[in-house]
Enquirer: 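The structure that follows is given in the form of structure tokens.
Residue numbers start from 1 in every chain, and the chains themselves are labelled A, B, ... in the order their sequence lines are given, proteins ahead of strands.
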Amino acid sequence: MLGEPLRSNRFWKDFDWLLLTAAICLSVISLVEIYSSTIAQPTENYFLRQFAWVCVGIVLLFVVAAIDYHFIAERIPWLYILAIGALLYTLAMGHRVSGSKSWVGLGPVAFQPSELIKMVVVVALARYFSELRSERYMTFVQIAKACVISFVPIGLVALQPDLGTALTYLPPIAVGLFIRGVRPAVLVTLVLGFVLVLPVSWLILKPYQKERILTFLDPERDPLGKGYQVTQSKIAIGSGGLLGKGVFHGTQNRGGFLPTRHTDFIFSVVGEELGFAGVLVTLGLLAFIIFRSISNAQTARDNLGLFIVMGVVGTYFFHVIVNVGMVIGFMPTTGIPLPFLSYGGSSVLTAFIALGLVLSVRRCRYVN
Amino acid sequence: MQQRDEVELLRWRVTFIGYIIVATLLVLAFGFWNAQIVQVGYYQQKAEANRIRTLPLLAPRGRIYDREHRIIADNRPSYNIILIRESSPHTLEQTAAMLSAGIGMTKDEVQERINKSVKRRDPKFRPIVLKEDVSVADIAYVKAHRYDMPEITVEFQPRRRYLEGDLAAHALGYVGEVTEAELATPEFLNFKSGDQVGKTGLEREYNNVLVGKDGFKRVSVNSFGREVEQLDEEKYVAGNDLVTTIDLDLQRAAEDMVGDHSGAVVALDPRTGEILAFVSKPGFDPNLFATRISAADWNNLINDPRKPMQNRAIQSHFSPGSVFKVFMAAAGLEAGTLNPLRTIYCPGYATFFGHTFGCDKHDGHGTINLHNAIVSSCNVFFYNVGNDLNIGRISQYATMMGFGRKTGVDLPNEDQGLIPSEAWKQRVLKAKWYAGETISVAIGQGYVSVTPMQAAWAMGGLTTGGRLKQPHLVNPRELKKLGLPAGEILEEDYPISQSTVDIVTTAMWGVVNEDGTGFRAKIDGFDVAGKTGTAQVVGKAANLKGQAYKDNAWFVGFAPYRNPEIVVAAFIENGGWGAEAAAPVAHAVMETYYKKKIGQFDAKLNSIAATEQRQNITSAESRGLN
């Protein structure tokens, strides 16, 4: 079923090369800055590994794009069960990295299943929303069912405990509920409920998580402690100026003042070395991918396609505002990577696979 | 239609989400615009401060030389462990906790050092010295932990070294960290906390000459505090070397002879005022102060009953005893109250105003003239001289001849001694002067007291015909050579007739060369003259005997007796007879001077001879005690 579209002339002619180009441009920026920020640790080969992940990601993008998304949606219950199993396995057997059991070994590479499983949840929710009978508003039971689909994996990820990643599971259901339609009263209740849940969740947060949130509220609170990362990140970005200090010339980057600079804080390196211009180009490319996807959602053949694409859009967008917001000090410090830019196989593959889903929806936009 | 509406509704909601995304991205872009365009200067400055460290390059103090350019004080390399609070990844408490054990200090000690600087509100970039003059092991510890504690580094500091230990300690003084009280004075205007400054002696007096100008180097560092590259450097300027008038050979000779006694020796050239030797014993090792002095060492010094920190040559004054007689003789001759041919009968005592005053020779000197009265140190003769002069003229002449006022030596905190007068007694003691008190003053007892420096200075003035040259350890010429502002050596000339000078100097030649009290100072070929003095210790209990209550011994000599080149005032506290205890000290100094002059000086032989001579004195003393 794969061979047919990939061999067909129409697939290649109709393929959204601009979207792929944008993703590749981001990957190039990513590779350059990963190289620049890890030049002091050449034995770790971050650059080469990321390059390999990008290549694999592009291949996967074509594979997913070539699959009809209905084919995936039909098999989503099995994939969903598989995903839950994988999360349980991770919880039981995973490696502990900085306090969270979110990694599993997969042959020679370590993998974060919670990243990829996000897309399973996206498709599962999309199928659920698209198969609802067309009523103006969803019923309470329908909302509850959607929540169950979403919150089982969220709960398992939160138990790892990886609260940041668990939060990235929220956008698809939020976007789905909003688009499918809930009563204004329910919408208000959900928002209020979220707000009211915050104080309660405060009680169950780990000390380091509370610390992060407090630091976010006042970075100067402990300039030598948790606020250090954000402070250094802002210094890096601000000192970059309009055009940046040039690749390999970021003093904050090269001097090692920036924390986790090739992963979570890669955008600070972009800001420092490429300046405001580089920031605008990078954000522009990310925005292009998001809006191009939104337009694909609007031309989707059916609601399944629309909800898949919007689930992806919501997830991308969430990653962007949380990560970019964090490096500039608008958001608390979380370990949420920036799609296409942060170093890491799980993140890169998920970003390309998600884009593959968008392209699959696009490919099938014309009713056969 | 229903279907179509629904599709439109969904699309509208999707579009709405798009608007939210656009708005959010604009907010993010605004954040970057604000940081990178609006506040770029602020953040660039922060980035520079992150990256750049200014490290001080401490300047060495100038060396101190003796008159023959032999080094007395120089510098040795040393290292301090310093903390730079600026951009430290740890709190001060964390730093103290992490570092203390590794460098052999307690956490509280480290914390105290830090707190002192914080309390002073020193700028954050100013290094805080946590431990001075550290061992190689301490340096290794810091270097090994530079990644854990980038805020801790090692700084190089040249440290004062006094090559001769306690030799001339009271002339040299010592250095130490400037205190807050000192910083508040104009003298230390250009210093900052942590700087090493001269505390006493020449180190203090010529601090501004000796002190150098610190430089700095700016380096870029990474987040571990490791130096990545040097950006620029301003070399330090070393302090100026100071050539003093001290002659180390004479200094050593004097100190060797004083030995373990308390006392002072001042040797100077009366023609110029140059001080050749400046001794105050017991001394101290100024090297102890070069590194922060330990509390134990400091307590030992200040609680020592022998007061080693007291500069006896200029900061203590003592009764001059019979040394004063020659000045009384000169005063009487000049005032016309003493006929040079006068003779007096000495029965061993004399009675004035109803009081009986004794002579050292209990059976009396018989009929005695001025010359012999000086040679034999007859009290009775000088009771009459003083009585004829009266206290008004004694005070006037003594002050004119250099007593009771500062000599102007280039050392801090000079004492001015005391020459009593009726007005002084009325003012200070609120009492009338008794004529009987004049009798005691005439033989250098009673209220009169002089510093060893004054004794040498006044003797120099008297023997050179009334010319008082300001005594000094550094010739202003040396400062001018360095291009520094320098005054002139002050000179005072008081009127005194040549005949008076001849009479008293001839008599003092007799003291040494005619079987007088100063025979121990005699040097063949170098007409030494001088006068001994044995001054009762004030408060001496008649019945108590022992070292602490022995008389103070003086000998003030000069040579040659015509146109003297050197004056030596030797003072030995509780030394007993001036003839026994003090004259040999002056002898040693003058002999060294003479040997050097005629080219027969051998430092090694001199040292051996001094040891033998000192042993002789000690055995003489123990005989005397029995």
Enquirer: If we only count heavy atoms from C-beta on, is the Phe291(A) to Val22(B) side-chain gap below 4.5 Å?
Expert: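 They are in side-chain contact.
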
Enquirer: In the structure I gave you, are the side-chain heavy atoms of Val320(A) and Leu25(B) within less than 4.5 Å of one another anywhere?
Expert: yes

Enquirer: Might you confirm whether atom CD of Glu112(B) has over 12 heavy atoms from other residues, nucleotides or ligands at distances under 6.0 Å?
Expert: no

Enquirer: To the nearest 0.5 Å, tell me how far Ile328(A) CD1 sits from Asn34(B) CG.
Expert: 8.0 Å

Enquirer: Check whether more than 12 heavy atoms from other residues, nucleotides or ligands sit under 6.0 Å from atom OH of Tyr236(B), and answer yes or no.
Expert: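 Not more than 12 within 6.0 Å, no.
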
Enquirer: Answer with side chain, backbone, both or neither: which region of Leu286(A) has an atom nearer than 4.5 Å to a non-hydrogen atom of chain B?
Expert: neither

Enquirer: Report which part of Phe276(A) has an atom under 4.5 Å of a heavy atom belonging to chain B: side chain, backbone, both, or neither.
Expert: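 For Phe276(A), backbone and side chain are both near chain B.
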
Enquirer: Find the distance between CD1 (Ile321(A)) and CD1 (Ile20(B)) and round it off to the nearest 0.5 Å.
Expert: 10.0 Å

Enquirer: Using heavy-atom distances under 4.5 Å, tell me whether Val309(A) contacts chain B through its side chain, its backbone, both, or neither.
Expert: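 Neither part.
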
Enquirer: Taking Gly271(A)'s backbone N and O only, do any of them form a donor-acceptor pair with Gln36(B)'s side chain (distance below 3.5 Å, no angle check)?
Expert: yes

Enquirer: Specify which of Gln45(B), Gln39(B), Arg11(B) makes the most heavy-atom pairs with chain A at under 4.5 Å.
Expert: Arg11(B)

Enquirer: Need one label for Val324(A): side chain, backbone, both or neither, based on atoms under 4.5 Å from any heavy atom in chain B.
Expert: both

Enquirer: Calculate, to the nearest 0.5 Å, the distance between atoms CD1 and CZ belonging to Ile237(A) and Phe32(B) respectively.
Expert: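 Spacing of CD1 (Ile237(A)) from CZ (Phe32(B)) equals 4.5 Å.
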
Enquirer: Can you confirm whether more than 12 heavy atoms, excluding those of His145(B), are under 6.0 Å from its NE2 atom?
Expert: yes

Enquirer: Roughly how far, to the nearest 0.5 Å, is the CG atom of Leu10(B) from the CD atom of Gln298(A)?
Expert: 10.5 Å

Enquirer: Give a yes or no on this: more than 12 heavy atoms of other residues, nucleotides or ligands lie within 6.0 Å of atom CZ of Phe16(B).
Expert: no

Enquirer: Locate the shortest heavy-atom distance separating Met310(A) from Ile17(B); write the atom from each residue and the value.
Expert: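 Reported closest heavy-atom pair: CE-CG2, 3.8 Å.
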
Enquirer: Can you tell me which portion of Phe267(A) sits under 4.5 Å from chain B's heavy atoms? Options are side chain, backbone, both or neither.
Expert: side chain

Enquirer: If you look at every heavy atom in Leu280(A) and Ala29(B), which pair is closest and at what distance?
Expert: CD2-CB, 4.3 Å

Enquirer: Could you tell me the separation between the CG atom of Leu242(A) and the CD1 atom of Ile37(B), rounded to the nearest 0.5 Å?
Expert: 4.5 Å

Enquirer: Can you list every pair that meets salt bridge (Lys or Arg N to Asp or Glu O under 4.0 Å) and has a residue in residues 266-276 of chain A, with sequence neighbours left out?
Expert: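 Sorted pair list: Lys245(A)-Glu272(A).
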
Enquirer: Can you tell me how far apart CD (Glu48(B)) and CD1 (Ile235(A)) are? Round to the nearest 0.5 Å.
Expert: 11.5 Å

Enquirer: Of all of Val279(A), Ile294(A), Asn303(A), which one pairs up most often with chain B through heavy atoms under 4.5 Å apart?
Expert: Val279(A)

Enquirer: What closest approach, in Å, do Gly238(A) and Val40(B) show between heavy atoms, and which atom pair accounts for it?
Expert: O-CG2, 3.4 Å

Enquirer: Does any backbone or side-chain atom of Val27(B) lie under 4.5 Å from a heavy atom of chain A? Answer side chain, backbone, both or neither.
Expert: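 Both the backbone and the side chain of Val27(B) come within 4.5 Å of chain A.
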
Enquirer: Would you please name every residue forming a side-chain contact (heavy atoms from CB on, under 4.5 Å) with Val110(B), sequence neighbours left out?
Expert: Ala96(B), Ser100(B), Met105(B), Ile114(B), Leu130(B)

Enquirer: Could you tell me which portion of Ile290(A) (side chain, backbone, both or neither) has an atom closer than 4.5 angstrom to a non-hydrogen atom of chain B?
Expert: side chain

